[in-house]
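Let me begin by presenting the structure, written as structure tokens, before commenting on it.
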Amino acid sequence: MTDVNIRTKLQRIQSSLKAPKGQTNKFGGYSYRSCEDILTALKPLLKENECSIIITDDLMAMEGRIFVQSTSALLDNASEQVVQAKGFAEHAETKKGMDQSQITGSTSSYARKYSLNGLFAIDDTKDADATNSHGKATTKTNNTKTEDLF
């Protein structure tokens with residue numbers, strides 16, 4: 001499969017990837033998929049398409065707020081071509097029942113999930129994370145930015 005370019009491999013992975021919502025939010029009673037759910041479904045497709053994935057995080061400050069910026073990069077093992085997407089999540093200063101490392105880990109997982117969603121075209125329009133307002137007047141938005149695809 002080494003004669004196929006990275007965009008074709010990405011398209012194959014996107015069209016084959018089935019990442020079920022394997023988690024349940026006990027408070028809201030809805031199902032959702034975690035970063036781990038996506039990676040579990042993704043690994044066999046990476047092997048089949050001779051690709052690897054690298055996920056990195058960076059902290060960013062914007063207007064006095066701290067965000068985790070996650071980058072998911074799909075690498076073609078043969079050609080070393082890369083496509084990537086970024087996801088963002090705000091890092092809360094405090095969160096009930098969590099220490100600082102747990103807050104950072106949770107924020108990282110959330111940003112990683114959305115960078116994977118952007119890269120692999122995982123549709124979250126029916127995902128409760130995208131539509132559940134948790135009793136608030138507004139809904140969450142996905143701030144995923146896809147880069148270097150073409």
Side-chain angles (χ1 to χ4, degrees), residues 1-62 65-92 95 98-134 139-150:
M1 195 174 298
T2 58
D3 59 335
V4 177
N5 72 44
I6 188 73
R7 291 181 304 215
T8 300
K9 289 182 178 188
L10 176 62
Q11 184 275 327
R12 287 179 181 169
I13 293 169
Q14 287 174 337
S15 63
S16 299
L17 181 62
K18 304 290 182 230
K21 296 178 182 178
Q23 311 300 317
T24 303
N25 179 293
K26 292 176 185 168
F27 174 73
Y30 57 86
S31 297
Y32 66 98
R33 72 180 58 83
S34 67
C35 179
E36 292 79 10
D37 292 330
I38 296 168
L39 291 173
T40 297
L42 182 60
K43 287 176 183 179
L45 297 173
L46 292 172
K47 182 176 182 180
E48 177 183 318
N49 287 278
E50 299 175 358
C51 291
S52 301
I53 190 156
I54 296 174
I55 306 173
T56 58
D57 293 333
D58 294 298
L59 291 175
M60 299 176 50
M62 260 191 284
R65 296 163 54 191
I66 305 296
F67 293 83
V68 172
Q69 173 187 280
S70 177
T71 303
S72 291
L74 178 70
L75 294 82
D76 183 321
N77 295 341
S79 71
E80 298 184 13
Q81 292 177 315
V82 178
V83 291
Q84 63 182 13
K86 296 181 185 297
F88 299 87
E90 186 170 2
H91 189 288
K95 195 165 186 180
M98 289 188 177
D99 65 25
Q100 286 297 311
S101 61
Q102 290 171 318
I103 294 170
T104 301
S106 173
T107 307
S108 169
S109 291
Y110 199 84
R112 286 172 175 231
K113 174 179 147 178
Y114 282 104
S115 68
L116 289 166
N117 283 354
L119 183 59
F120 296 107
I122 300 170
D123 186 359
D124 264 359
T125 57
K126 295 180 184 178
D127 188 339
D129 277 355
T131 59
N132 189 345
S133 65
H134 295 287
T139 60
K140 231 174 242 211
T141 59
N142 179 348
N143 293 326
T144 303
K145 176 182 172 188
T146 304
E147 297 183 340
D148 302 329
L149 288 179
F150 303 99

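This chain uses plain numbering: 1 for the first residue, then up along the sequence. As the structure is a computational prediction, the values presented were derived from the model and not from experiment.
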List the residues meeting salt bridge (charged side-chain N to carboxylate O under 4.0 Å, His left out) with Glu36, not counting sequence neighbours, and say none if there are none. none
Qualifying residues under side chain to side chain donor-acceptor pair (under 3.5 Å), relative to Glu90, sequence neighbours excluded: Arg65
Criterion side chain to side chain contact (heavy atoms under 4.5 Å, CB included) on Thr107 and Ile66, from CA distance to verdict: CA-CA 11 Å; Thr107 307; Ile66 305 296; over 6 Å; no
Taken in chain and number order and not counting sequence neighbours, the residues that satisfy side chain to side chain contact (heavy atoms under 4.5 Å, CB included) with Thr8 are Val4, Asn5, Arg12
Under the side chain to side chain donor-acceptor pair (under 3.5 Å) rule, collect the residues that match up with Thr104, sequence neighbours excluded. His91
Side chain to side chain contact (heavy atoms under 4.5 Å, CB included) between Phe120 and Leu74: does it pass, once the steps are laid out? CA-CA 9 Å; Phe120 296 107; Leu74 178 70; 4.2 Å; yes
Sorted by chain and number, sequence neighbours left out, side chain to side chain contact (heavy atoms under 4.5 Å, CB included) with Asp37 holds for Gln23, Arg33, Ser34
With sequence neighbours left out, write down each residue that passes side chain to side chain contact (heavy atoms under 4.5 Å, CB included) with Lys47, or none if nothing qualifies. none
Which residues satisfy the side chain to side chain donor-acceptor pair (under 3.5 Å) test with Ser15, sequence neighbours excluded? none
Step by step, work out the side chain to side chain contact (heavy atoms under 4.5 Å, CB included) result for Ser115 and Thr71. CA-CA 6 Å; Ser115 68; Thr71 303; over 6 Å; no
Those residues at least two apart in sequence (or on a different chain) that pass side chain to side chain contact (heavy atoms under 4.5 Å, CB included) with Ser106 are Lys95, Met98
Mind checking side chain to side chain donor-acceptor pair (under 3.5 Å) for Gln11 and listing every partner two or more places apart, or none if nothing turns up? none
